[in-house]
Amino acid sequence: MIGVFDSGSGGLMVLRAIREELPDADLLYFGDLAHAPYGEKSRAELFEVVTNAVAELRRAGATCVVSACNTASTVLQGNYPELLGLPRDRFVEMIEPTVARAAALKQPLLLAATPATIASGVYQSALNAAGVVAKSVALPGLAAAIEFGAPEEELENRIRDAFLEIDTAVYGGLVLACTHYLLARSTFERVFPKLVVLDPTRTVSKRVRETFGRTERGGGAVRFRASADVSLFRRRVRAMFGPDTPIEADTWSGRESDKIEG
Ligand code: DGL
């Protein structure tokens with residue numbers, strides 16, 4: 001079973017793409033809404049919530065894990081064995097495939113991500129190592145605004161404010177390096193009609209197929225858990241995966257209240 005996690009709804013886009021790539025794989029999605037947004041947390045706080053999310057997926061029976069969250073991926077990069085108790089080939093994260101995809105775009109690029117992702121410097125190092133010229137831009141509050149259903153106008157204003165001092169005309173494209181931003185892709189495209197907006201989801205889901213495709217053949221079940229019951233998350237899951245999709249929420253501590261069999 002492949003465990004997939006994010007702070008909330010952003011990773012659902014990745015999950016849907018994985019589903020298309022691997023229709024027979026059994027998938028378990030964990031939305032850590034009780035701790036959203038990840039992107040405004042300190043490194044120490046992030047370390048704790050991310051390791052807990054991965055541990056919960058493992059306890060629930062996941063034999064491989066996808067971090068469908070760029071912010072979480074910045075913590076997990078370089079620490080796979082200690083944090084996951086998983087061999088490296090049982091784990092897929094966002095950064096490496098996103099950078100590989102970005103390398104194919106016309107440069108220089110803009111890269112939009114959460115404040116925690118930008119502060120980590122992990123993307124910038126990976127881009128430099130791949131020879132990709134990019135300017136990283138943090139968008140404070142945007143992931144939470146998307147997660148909890150802020151009006152379109154607020155999303156637009158947050159995007160405009162973050163890019164206020166940047167001459168976007170000199171850039172060849174904009175990489176969305178936060179899975180929540182994928183849910184607002186059309187807003188980015190409206191604000192920057194001349195920029196090519198890169199959604200790395202397909203590259204990541206292909207990487208998941210290449211990495212787990214041979215071993216992960218099951219009945220094609222998709223299950224959902226969330227650490228808090230948020231109605232907009234429920235609505236998004238049901239819009240994307242079917243109106244009757246059950247979601248276990250609120251009580252998932254991984255201990256006595258854990259109803260997952262793995
Ligand atoms: N979706 C996550 C990411 O890709 C983080 C959003 C958040 O919780 O701040 O970075």
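None of the values given here were measured: they were computed from a predicted structure. All ligand and atom numbering here is 1-based and tracks the order in the structure.
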Using a cut-off of under 3.5 Å, which N/O atoms of ligand 1 pair up with protein N/O atoms, and what distance separates each pair?
residue  : atom   : partner : partner atom : Å
ligand 1 : 1 (N)  : Asp6    : OD1          : 2.9
ligand 1 : 1 (N)  : Thr179  : OG1          : 2.8
ligand 1 : 1 (N)  : His180  : ND1          : 2.7
ligand 1 : 4 (O)  : Asn70   : N            : 2.8
ligand 1 : 4 (O)  : Asn70   : ND2          : 3.1
ligand 1 : 4 (O)  : Thr179  : N            : 2.8
ligand 1 : 4 (O)  : Thr179  : OG1          : 3.3
ligand 1 : 8 (O)  : Ser7    : OG           : 2.6
ligand 1 : 8 (O)  : Tyr38   : N            : 2.6
ligand 1 : 9 (O)  : Tyr38   : N            : 3.3
ligand 1 : 9 (O)  : Gly39   : N            : 2.7
ligand 1 : 10 (O) : Asn70   : N            : 3.4
ligand 1 : 10 (O) : Thr71   : N            : 3.0
ligand 1 : 10 (O) : Thr71   : OG1          : 2.6

task: Decide if atom CZ of Arg190 counts as having more than 12 heavy atoms of other residues, nucleotides or ligands within a radius under 6.0 Å.
output: yes

- request: Decide whether Glu147 and Ser9 meet the rule of one side-chain donor and one side-chain acceptor closer than 3.5 Å.
  value: yes

message: To the nearest 0.5 Å, what is the distance between CG on Leu198 and CZ on Arg185?
response: 8.0 Å

message: Side chains of Ser205 and Arg16: any donor to acceptor distance under 3.5 Å?
response: no

- request: May I ask you to check whether Arg90 and Thr215 show a side-chain donor-acceptor distance below 3.5 Å?
  value: yes

message: Could you check whether Phe233 and Phe224 have their ring centres less than 6.0 Å apart?
response: no

